[in-house]
Amino acid sequence: MTMKRRKFIGAALASTAVGATIGAPAIARAAASQETFNFKMTNAYPPGAPFYVQGPGSPMDFCEKVKVMSGGRINIQHFAAGELIPAMEGFNAVAAGTVEMNAANAYFWAGQIPAAQYFTTVPFGMSTQGMNAWLYHGGGLELWHEIYAEYGLIAFPMGNTGVQMTGWFREPLESVDDLKGLKMRIPGLAGKVYSELGVNPVLLPGGEIFPALERGVIDAAEFVGPYQDRRLGLHKAAKYYYTTGWGEPTNVTELLINKKVWDGLPKDQQEIIKAAAAACVTESFTWCEAVNADAMTDLVENEGVIAQPLPGSIVSRLQEVTADTLETMAAADPLTGKVHKSFMEFRKKHASWAALSEKPVLNLL
């Protein structure tokens, strides 16, 4: 073998060895990226519920989006309320690692984390546009993550109903005095405000609202809006439907994930989950906007529902009590105070812009 040929072969072998060294991590990365993940997602809402369980932008839609976007690398099996765990046990189940994910609303966990309520809605707070702006670009999502880290959890927005109605009442409301002594299904911060005016707030899963209202166990109930409320049959148990969306000017669905599970996902798979959740926020909100008008028309024209805004005197009093309630909560708990400060500062900034943008347009329309 000539000296020139020996040098060529030696160089080729060296090149192959270097190529193998360089290529090995790439192959390992490719293999790792093909790892599959099988998760369980529970839900606070009953089987078949539009928006909350199935349909455009729903948790089941999210699961399907993630499966397709990940090329089948992430498979999420969805369980509605009662199919695997009770409706309100999702937070603890995900924290304990019993399941990897849960779909609900953060204000359901107010008993454990008062500050969590701000990540669903705030009475007289922000519109859906403002809420999304705060969460994604105003520090809200970072605060949500900070608060949940203590519990080994992370959360993302995964849906939004838009503005929700005041709710259904068996008797008409004419003044603040009419609220005293009422038993009302109402979650979140609005329930705290009502309680200051003599209402007895009751937290019930969606599937239990109609029978409680029909039997007179409760006197009033707030759920979502015309389409969802009609589906539950609430108009068959009460005819007075107050439309003022003071208590929930927006409403965010929470995607709850076990933090260890989240940290164990490759970065590209994390981005898929975030993108699918953000897509569901848009799809669910626009779906609600599309179906509520027809549902309201049907309720009024065909079901004898009396739909009207709350009397101005009641709204004014609710606004006063809301301000006092929020300030008291913020002062009582440093974490809640931190979230409250962030939310209200952004609300003020967004309101100044909305007064020049959305409000004039809506008034014209």
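These numbers were taken from a predicted model, which means no experiment stands behind them.
Heavy-atom contacts from other residues, nucleotides or ligands closer than 6.0 Å to NZ of Lys67 number 12 or fewer. In Glu171, the CD atom is not crowded: 12 or fewer heavy atoms of neighbouring residues, nucleotides or ligands sit closer than 6.0 Å. Around NZ of Lys192, the count of heavy atoms belonging to other residues, nucleotides or ligands within 6.0 Å does not exceed 12.
Arg317 places no side-chain N or O within 3.5 Å of a backbone atom of Ile314 that could act as its donor or acceptor partner. No donor-acceptor pair closer than 3.5 Å links the side chain of Glu301 to the backbone N or O of Asp298. Using modelled atom types, one side-chain atom of Lys239 and one backbone atom of His235 make a donor-acceptor pair closer than 3.5 Å. In this structure, the side chain of Ser58 engages the main chain of Val53 through a donor-acceptor pair within 3.5 Å. Between the side chain of Arg215 and the backbone N or O of Phe210, no donor-acceptor pair lies under 3.5 Å. Between the Asn105 side chain and the Tyr107 main chain, no donor and acceptor come within less than 3.5 Å of each other. The backbone N or O of Gly245 sits nowhere less than 3.5 Å from a side-chain atom of Gln164 that would complete a donor-acceptor pair. Although no hydrogens or angles enter the test, the distance criterion places no donor-acceptor pair under 3.5 Å between the side chain of Ser342 and the main chain of Val339. Formation of a donor-acceptor pair under 3.5 Å by the Asp178 side chain with backbone atoms of Ser175 is found in this model. The backbone N or O of Val281 lies less than 3.5 Å from a partner atom in the side chain of Ser284, making a donor-acceptor pair.
Looking at heavy atoms from C-beta onward, Glu289 lies in side-chain contact with Phe285 at the 4.5 angstrom threshold. Looking at Asp268 and Arg73, their side chains come closer than 4.5 Å, going by heavy atoms from C-beta outward. Side-chain contact between Asn75 and Phe37: absent, with no pair of heavy atoms (C-beta onward) separated by less than 4.5 Å. Within the 4.5 Å cutoff, side-chain heavy atoms of Pro157 are placed close to those of Leu141.
Clustering ILVMFWY residues whenever any of their side-chain heavy atoms sit less than 4.5 angstrom apart, transitively, puts Tyr194 in a cluster other than the one holding Tyr241. Both Phe62 and Leu265 sit in one connected hydrophobic cluster of ILVMFWY residues. Membership requires side-chain heavy atoms under 4.5 Å apart, directly or through other members. Put simply, Ile218 and Met165 are part of the same group of oily side chains (I, L, V, M, F, W, Y) that touch within less than 4.5 Å, one to the next.
Residue pairs meeting the ring pair (Phe, Tyr, Trp, His ring centres under 6.0 Å) criterion with at least one partner in residues 171-193, sequence neighbours excluded, do not occur; the list is empty.
For the side chain to side chain contact (heavy atoms under 4.5 Å, CB included) with Asp229, the lone residue among Leu299, Asn292, Val224 that qualifies is Val224. For the ring-ring contact (aromatic ring centres under 6.0 Å, His included) with Phe343, the lone residue among Trp134, Phe119, Phe124 that qualifies is Trp134.
If you check the side chains of Tyr151 and Asn258, you find no donor sitting under 3.5 Å from an acceptor.
Checked against a 6.0 Å centroid threshold, the rings of Tyr242 and Phe169 count as neighbours.
Here the closest non-hydrogen pair linking Val66 and Ser70 is O-OG, 2.7 Å. Minimum heavy-atom separation, Ala81 to Pro47: O-CD, 3.9 Å. Contact record, Arg347 with Gly125: NE-O, 3.4 Å, taken as the closest heavy-atom pair. Contact between Gly181 and Asn200 at its shortest, heavy atoms only, is O-ND2, 3.9 Å.
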(message) Apply side chain to side chain donor-acceptor pair (under 3.5 Å) to residues Tyr45 and Gln54 and explain how you reach the verdict.
(response) CA-CA 10 Å; Tyr45 292 89; Gln54 64 186 36; over 6 Å; no
(request) Assess whether side chain to side chain donor-acceptor pair (under 3.5 Å) is satisfied between Glu254 and Trp109, documenting all intermediate values. (result) CA-CA 11 Å; Glu254 173 187 79; Trp109 328 130; 2.9 Å; yes
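Atom CE of Met158 sits about 9.0 Å away from atom CE of Met101, to the nearest 0.5 Å. Atom CD of residue Glu303 and atom OG1 of residue Thr297 lie 12.5 Å apart, to the nearest 0.5 angstrom.
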